[in-house]
Structures are given as structure tokens and as C-alpha cells.
2 protein chains.
Amino acid sequence: MARLIDVAKAAGVSRSTASNVFNNPDMVRPKLRQRVEAAARELGYAGPDPTARLLRAGKVNAIAIVPPADMGVSALLRNPVFSLFVLGVSEACDEVGANLMIVPDKPGGKGINNGMKNAVVDGFIFGRVEHLHEIEPARLRRLPFVVVDFDAGPHISSVRVDAYAGAYAAAKHLIDLGHRRFGILSFLRTFGPARVHPVGKPRAAEASGLPIDQEKYRAYTDALAEVGIDVAEVPMVQAEAWDRDAAGMILDAAPDATAILSMSVMQAIAIVEEAQRRGRLVPRDLSVIGYNDIAAAERCNPPLTTVDAMGIDKGRAAARLVFAGGPPRHEIIEPRLIIRGSTGPARTR
Amino acid sequence: MARLIDVAKAAGVSRSTASNVFNNPDMVRPKLRQRVEAAARELGYAGPDPTARLLRAGKVNAIAIVPPADMGVSALLRNPVFSLFVLGVSEACDEVGANLMIVPDKPGGKGINNGMKNAVVDGFIFGRVEHLHEIEPARLRRLPFVVVDFDAGPHISSVRVDAYAGAYAAAKHLIDLGHRRFGILSFLRTFGPARVHPVGKPRAAEASGLPIDQEKYRAYTDALAEVGIDVAEVPMVQAEAWDRDAAGMILDAAPDATAILSMSVMQAIAIVEEAQRRGRLVPRDLSVIGYNDIAAAERCNPPLTTVDAMGIDKGRAAARLVFAGGPPRHEIIEPRLIIRGSTGPARTR
DNA sequence: GATCTTTTTTGGACCGATCCAATTTTTTTC
DNA sequence: GAAAAAAATTGGATCGGTCCAAAAAAGATC
């Protein structure tokens with residue numbers, strides 16, 4: 001397989017000149033240039049090998065998204081919330097003409113198969129971080145990287161959506177509609193069966209999956225406290241995002257709630273559907289509010305009131321930070337409450 | 001910034017030994033290994049630079065999807081049909097633990113910014129090819145690559161969905177339901193205003209956007225011919241996939257059709273909606289059939305009968321071919337007719 | 001046409017590793 | 001304890017280029 005040096009030899013010029021023909025064509029006189037080009041054609045040489053060039057250049061023109069620890073490429077793309085995030089990143093890539101790579105963290109991967117350790121990119125974006133050690137490989141590579149919705153200290157760039165504000169707005173919205181009897185559907189991030197939390201016991205610790213979930217829980221707590229409700233008295237279920245029973249569980253656990261606060265969109269949609277299956281009208285008999293806005297939320301019937309956690313903007317901002325490089329920066333994005341049809345005034349008993 | 005050689009020096013061993021510590025740890029005795037590891041820690045050396053290692057290894061453990069010529073990364077991901085394809089590719093990546101890169105073909109891109117020419121990947125998958133020259137950069141790089149739904153000759157691996165069979169099944173389905181008066185909504189792939197094709201004129205050439213569209217047209221032609229219908233007598237509109245007026249246009253152009261054959265899902269859904277807006281019941285008054293099965297088709301009301309063009313399988317197959325390497329292969333995937341609610345028996349006048 | 005500029009071209013060093021044959025060290029065998 | 005076998009270590013070559021200062025060629029000036 002022809003190399004630059006072969007082309008140079010064939011054309012009777014030095015490597016440098018041949019190199020220039022491909023990189024700074026107008027630095028070499030037409031006559032020589034043509035000779036080199038002819039030689040290249042002759043030998044089927046398609047231009048400098050990107051791999052080799054890389055060694056010196058140091059830039060690849062690509063960034064990587066690292067999916068959460070337990071997700072592969074397809075899991076990331078299938079997840080409606082994450083796929084919005086990916087979309088945001090991809091927009092930023094298009095802005096600067098960069099390529100986008102998805103690099104799952106394969107913990108066991110040795111040698112070339114170890115994701116982050118070997119990915120040939122200019123920087124990383126972490127889709128979700130649960131432990132600091134997950135970002136260690138990126139730190140060691142000394143490439144720019146950004147974490148999302150996670151506090152990794154002042155020295156690591158981050159983009160965060162103010163989950164507290166979002167969840168607070170959601171709870172406040174329901175309170176303003178007159179609701180006083182709630183149910184909370186929270187996340188369980190450790191694999192396992194859903195948990196129903198007994199009413200009346202403090203449970204800050206158990207209620208917490210990720211830090212971001214804790215923030216939401218705090219927001220609920222604070223908003224409810226303002227109208228004299230102790231969150232510990234609010235029935236709560238904690239379940240995985242994909243747990244199909246969770247909707248029924250929270251409806252069972254909070255039988256006389258007039259409103260459900262869900263930390264997940266998909267679960268919120270499931271609650272709407274399950275409530276209707278049980279003969280309760282939404283929002284007349286029950287208001288439901290979710291967190292995150294995906295296409296399915298709008299299609300829900302009635303359309304779901306939810307918090308837009310600005311996934312696209314978050315992705316775009318994160319990618320821009322990586323492209324910009326420079327000293328660590330921290331961006332905070334304000335979520336937006338999207339009021340649709342699944343919430344309404346509390347029915348007076 | 002520390003290099004392998006610095007670590008070696010600091011530990012008082014040769015480069016080779018240091019290299020082995022990171023690549024074949026059990027080939028070097030514990031004593032030395034520890035010394036090297038200590039030195040590495042001391043110097044903040046995180047292991048061999050992937051870029052440099054690449055030069056020798058030749059493998060990156062990543063493949064690239066090249067979006068159609070006019071699409072960037074985000075356009076690809078936003079497109080519901082293509083995103084299924086991407087999903088299929090991503091599944092194959094997960095199977096072998098590879099990374100997935102999206103590399104738009106930036107025609108003007110010089111140097112590091114030229115997509116395919118510089119992407120550091122092991123192979124390419126072309127999402128859609130319209131001209132042979134689009135795949136030229138990949139060919140020159142001598143990396144394995146696969147084209148999809150395009151015939152680039154026997155020497156270039158391809159995965160194709162039998163569009164003829166799919167479209168034929170669609171037309172046959174309507175014919176079997178008793179329909180005899182049709183309208184056809186076809187693709188316009190060159191930018192421009194939608195075209196209404198006059199009835200009674202031969203139009204094979206004009207009807208054709210991509211080869212794949214031509215196949216569908218041929219299939220319609222053949223299926224209709226079997227019941228004595230000349231396709232040239234069937235009203236036809238040709239429009240871009242995103243043209244919002246197309247649905248109205250075909251309904252206007254084929255006012256007494258009882259069934260519409262659409263080459264696009266999104267357009268088919270639009271037709272269903274537009275027909276209902278005009279007071280026609282689907283499928284009682286009008287049957288509509290699409291091509292490609294995306295989530296939105298199922299949510300359509302009534303759910304859309306359409307051809308599942310097996311986008312996921314197509315992507316998976318293409319990626320597997322790239323990973324497998326070896327001599328060119330050609331796979332053909334059979335589409336499936338998905339019968340839902342938007343088609344029904346022709347109403348007897 | 002000789003001298004001074006400017007433009008081209010060139011060879012050496014380097015980018016950061018891996019590979020392999022040869023050498024050195026350690027272990028085994030008798 | 002010497003010889004043979006096995007294991008560990010090493011230096012040189014290589015992967016395929018780019019960069020830069022110096023040399024050569026071309027062009028300008030008088």
C-alpha cells in the first residue's frame with residue numbers, strides 16, 4: 001500500500017514537497033505539483049493517512065458522548081430523554097463541522113477495546129455520572145471534558161439543569177391549582193424492585209437515587225412545606241424508569257391524592273393511562289405532572305403537563321464547552337414548566 | 001506531558017519493558033512492573049497515547065455512519081426513518097463493543113475538516129447514496145464500507161431492502177381490498193416545488209427520484225397492471241418528504257380515488273389527517289398506505305397501514321458486514337407489510 | 001551579469017508508541 | 001556447579017506523516 005514517501009520517490013521529490021502537495025498545494029509550483037499528483041494517482045495514493053497525521057496534529061475533529069455506565073450505544077439512542085441530549089450535542093457538532101462519536105464505557109475492555117482510554121476524539125461529554133471514578137479515564141487523558149447534571153468540583157466543566165427549580169415549579173403549579181393531597185413517584189437507580197415508602201417516616205436518604213433526584217425531592221419538600229405539608233406524610237413510590245407497575249403502585253399508595261408528582265415523564269404518562277384505566281378522569285379527578293419533555297408527553301391524552309429539562313440545550317451547551325476548551329466553566333440552565341392538559345384545579349371534595 | 005519513554009527513563013527500564021507493563025503486564029516481573037507503575041503515577045502518565053498506538057495497530061474499534069449528502073449529524077438523528085437505521089447500526093456496535101461515529105460528508109472540508117478523508121474509523125456505512133462519487137473517499141481509504149439501498153456494483157458490499165417487493169405488497173393489499181381508483185404520492189428528491197403529474201402521459205423517468213423510488217414505482221405499475229390499470233392514468237404527485245402541502249395536493253389531484261399509495265410514511269400520515277380534515281373517514285372513504293414504519297405510524301389515528309422497510313435490520317446488517325470485513329457481500333432484506341387501521345375494503349359506489 | 005531577494009525545495013528531527021530478533025538474566029536439570 | 005532451557009529485557013527498526021531551519025532555485029534590481 002502506497003505511502004507518501006513512495007509517491008515522493010515516484011515523483012522524484014522530497015517527502016516534504018509531496019506532503020505540501022496535499023496540505024499546502026499553493027506552496028509548490030504547478031509543475032512539481034502535477035508530477036506528484038500524477039504519481040499519487042498512479043500508485044493509488046489517496047492522500048495522507050489520517051491516523052499518522054493525527055500523531056502530530058493532535059486534533060481529530062470529533063467529540064465523544066459517553067453514555068451512562070450501564071448503557072451501550074443503542075440504549076442511549078433508544079432512551080427518549082437521552083436522545084434529546086444527543087440531539088443537542090449533534091447540533092453543536094454541526095455548528096463547527098465536527099464528527100460525533102458515541103463511546104460506551106466498557107469497564108472490562110482491555111487494549112483497544114477500552115472505550116474512553118482509546119477513543120480517538122478531542123473531548124468527552126458525560127451523559128450521566130454517578131461516581132467520580134467514572135470520569136477518571138477522561139481526566140487522565142487530559143482532554144477537555146464536560147459532565148452533565150453532576151457536581152465534580154470547580155475544576156471540571158459542567159452543565160447543569162436546575163432540577164430544584166424545575167421540580168419546585170412543578171410542585172408549586174399543583175399547589176397553586178389548589179392541590180393538597182399528593183403522591184410522589186421517584187426514581188430508583190439501583191436495580192431492584194420498586195419500593196413503597198411508609199408514610200410518616202423521614203426518608204431523605206432513601207428517597208435519593210442520583211443527586212439530581214435528591215434535588216427534586218428537596219424541591220418537592222420545600223414547596224409542600226410552604227403550605228404546611230410534611231413531605232414525609234406524602235405517599236411515595238420509588239421505581240426504575242422502566243418499571244411498568246410503578247404507576248399502579250403509586251395510585252394504590254396514594255388513593256386519595258388529587259395530584260401526582262412524578263420525577264419521570266414516562267412514568268407520568270403511565271400514571272395518566274393507569275388512572276384512566278381505573279376510571280379516574282385526568283385532570284378532573286387527578287392531576288399528573290412529569291419531569292422532562294419528550295414527544296410522547298405531547299401525544300399523551302390529555303397532553304402531559306411536565307417540566308422541560310432542556311435536554312437539547314443541555315447537550316448543545318455541553319458540546320460547546322468541549323469545543324471551546326479553556327478553563328473549566330459551569331453553566332446552569334433553567335428548566336421550563338410546560339403546562340398542558342394533565343393538570344387542573346383540585347376538585348373540592 | 002509525560003510519554004512512555006519518560007516513564008521508562010524514570011523507572012530505569014527500556015521503552016519496551018515500560019510498554020509491556022501497560023500491554024502485557026504479566027510478561028514483566030512484578031518488581032520491575034511496580035517500579036514502572038510507580039514512575040507512571042509519579043509523572044501522571046495515564047497509559048499509552050491512543051493516537052500513537054493507532055499508527056501501528058491500524059484498528060480503532062469504531063465505524064462511521066455517513067449521512068446523506070445534504071444532512072448533518074443532527075438532521076440524521078432527527079429523521080425518524082434514518083434514526084431507525086442508526087439504531088440498527090448501534091446495536092451491531094454494541095454486539096462487538098465498538099464505538100459509533102457519525103461523519104457527515106463535508107464536501108468543502110479541507111484538511112482535518114474533511115469528513116470521510118480524515119475520520120479515524122475502521123469502516124464506513126453510507127446512509128444513502130445518490131451518486132457513485134459520494135463513496136469515492138471511502139474507496140480511496142481502502143477501508144471496508146457498505147452502501148445501503150444502492151447498487152454500486154458487485155465489488156462493493158451492499159445491504160438492500162427489496163423496495164419492489166414492499167411497494168408491490170402495498171399495492172396488492174389495496175387491490176385485494178377491492179380498490180381500483182388510486183392516487184400516488186411519490187418522492188421528489190431534487191429540491192423544488194412539488195409536481196403534479198398529468199394523467200395519461202408516460203412518466204417513468206419523471207417519477208423517479210432515487211433508484212429506490214423507481215423500484216417502488218415499478219412495483220405499483222406492475223401490481224396495478226395486473227388488474228388492468230395503467231399507472232399513467234393514476235393521478236400522481238411528487239413532493240419532498242417534508243412538503244406540508246403534498247397531502248392536500250394528492251387529494252385534489254385524485255378526488256375520486258378510494259386509496260392512496262404513498263412512498264413516504266410521514267406523507268401518508270399527513271394524508272390521513274388532511275382527508276379527515278376534509279370530512280372523509282379513513283378507511284371508510286379512503287384507504288391510505290405508507291412506506292416505512294416509524295413510531296408515529298402506529299400512533300396515527302387510525303394507525304397507519306404501512307410497509308416496514310426494516311430500517312433497524314438494515315442498519316444492523318450493514319454494520320455487521322463492515323465488522324466482518326472480507327470479500328464484498330450483498331444482502332437483501334425482505335420488507336413486511338404491516339396492516340393497521342388506515343386501509344379497508346373499497347366502498348362500493 | 002553579479003548581487004540581493006524572494007520563493008521553493010529539501011533533509012533531519014520528531015510525534016508516541018509497538019514489534020521483533022538478539023541479548024541478558026533467571027530457572028531448571030543433571 | 002556447569003550446561004541447557006526458559007523467561008525477561010533490550011535496542012533498533014518501523015508505523016506514516018508533519019514541521020522547521022537550512023539549502024537551492026528562481027526572480028528582481030541595478
Side-chain angles (χ1 to χ4, degrees), chain A residues 1-37 39-40 43-61 110-112 114 117-120 122 140-143, chain B residues 1-37 39-40 43-60 110-112 114 117-118 120 122 140-143:
Chain A
M1 183 123 194
R3 299 161 307 168
L4 182 62
I5 194 172
D6 302 320
V7 174
K9 244 175 234 162
V13 300
S14 71
R15 304 182 321 276
S16 311
T17 301
S19 174
N20 281 332
V21 168
F22 294 99
N23 296 302
N24 310 61
D26 29 44
M27 184 184 266
V28 34
R29 267 176 314 172
K31 200 166 151 187
L32 272 195
R33 189 189 331 156
Q34 279 153 27
R35 226 162 71 206
V36 171
E37 280 164 352
L43 295 169
Y45 180 78
D49 180 289
T51 305
R53 156 185 280 170
L54 216 55
L55 198 46
R56 208 158 243 289
K59 269 244 166 197
V60 208
N61 198 38
K110 265 290 165 195
I112 209 169
N114 181 306
K117 214 160 169 179
N118 287 291
V120 183
D122 300 325
L140 284 172
R141 293 234 358 223
R142 318 226 172 165
L143 290 176
Chain B
M1 180 111 204
R3 300 160 306 167
L4 182 64
I5 195 172
D6 301 320
V7 174
K9 246 175 232 163
V13 300
S14 71
R15 303 183 323 276
S16 312
T17 300
S19 174
N20 279 333
V21 168
F22 294 99
N23 297 302
N24 310 60
D26 29 44
M27 183 185 268
V28 45
R29 268 174 313 171
K31 200 167 149 185
L32 273 195
R33 191 191 325 158
Q34 279 152 27
R35 227 163 69 205
V36 172
E37 280 163 352
L43 296 169
Y45 180 78
D49 180 290
T51 306
R53 157 183 279 169
L54 214 56
L55 196 48
R56 214 157 234 294
K59 269 239 164 200
V60 208
K110 264 291 164 194
I112 208 170
N114 181 306
K117 214 160 170 181
N118 286 291
V120 183
D122 300 325
L140 284 172
R141 291 231 2 220
R142 319 228 172 163
L143 289 176

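Every chain is numbered from 1, with letters handed out A, B, ... down the list of sequences.
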Measure the spacing between [atom1] of [X] and [atom2] of [Y] and express it to the nearest 0.5 Å.
| X | Y | atom1 | atom2 | value |
| --- | --- | --- | --- | --- |
| Asp49(B) | Arg3(B) | CG | CZ | 11.5 Å |
| Ile5(A) | Ser14(A) | CD1 | OG | 10.0 Å |
| Arg35(B) | Thr17(B) | CZ | OG1 | 9.5 Å |
| Arg141(A) | Asp122(A) | CZ | CG | 9.5 Å |
| Leu55(B) | Thr51(A) | CG | OG1 | 7.0 Å |

Mind running a 4.0 Å heavy-atom check of residues 12-20 of chain B against DNA chain C and sending the residues that fall below it, in number order?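 Contacting residues: Arg15(B), Ser16(B), Ser19(B).
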How many whole angstroms separate atom [atom1] of [X] from atom [atom2] of [N]?
| X | N | atom1 | atom2 | value |
| --- | --- | --- | --- | --- |
| Asn118(A) | dG16(C) | CG | C1' | 14 Å |
| Arg53(A) | dA17(C) | CZ | C1' | 20 Å |
| Lys31(B) | dT25(C) | NZ | P | 13 Å |
| Leu55(A) | dC14(C) | CG | P | 14 Å |
| Phe22(B) | dC19(C) | CZ | C1' | 18 Å |
| Leu4(A) | dG11(C) | CG | C1' | 14 Å |
| Lys59(B) | dT18(C) | NZ | P | 18 Å |
| Arg29(A) | dT7(C) | CZ | C1' | 8 Å |

Which nucleotide of DNA chain D is the first, and which the last, in the 5' to 3' direction, to come under 4.0 Å of a heavy atom belonging to chain B?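 The contact span of chain B on DNA chain D goes from dA8(D) to dG16(D).
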If the helix axis at each end comes from five base pairs, how far does the helix from dG1(C)-dC30(D) to dC30(C)-dG1(D) deviate from straight, to 10°?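 The value is 30°.
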Using a heavy-atom cut-off of under 4.0 Å over every strand shown, decide if Ile5(B) touches base, sugar-phosphate, or nothing.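 Since no nucleic acid heavy atom lies under 4.0 Å of Ile5(B), the category is nothing.
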Would you tell me whether Arg53(A) and Asn118(B) have side-chain atoms, one donor and one acceptor, within less than 3.5 Å of each other?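 Note: Arg53(A) and Asn118(B) side chains meet the donor-acceptor criterion.
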Hey, which of these two, Val28(B) or Ala52(B), hits DNA chain D nearer its 5' end, going by closest nucleotide?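 First, find each residue's nearest nucleotide; the 5'-ward one identifies Val28(B).
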Apply salt bridge (Lys or Arg N to Asp or Glu O under 4.0 Å) to residues Asp6(B) and Lys9(B) and explain how you reach the verdict. CA-CA 5 Å; Asp6(B) 301 320; Lys9(B) 246 175 232 163; 5.1 Å; no
Which heavy atom of [X] sits nearest to which heavy atom of [Y], and what is that distance?
| X | Y | result |
| --- | --- | --- |
| Val36(B) | Val13(B) | CG2-CG2, 3.8 Å |
| Asp26(A) | Arg33(A) | CA-NH2, 4.5 Å |
| Arg142(A) | Leu43(B) | NH2-O, 4.2 Å |

Side chain proximity check, Leu4(A) to Phe22(A), heavy atoms < 4.5 angstrom: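 Yes. Closest side-chain heavy atoms under 4.5 Å.
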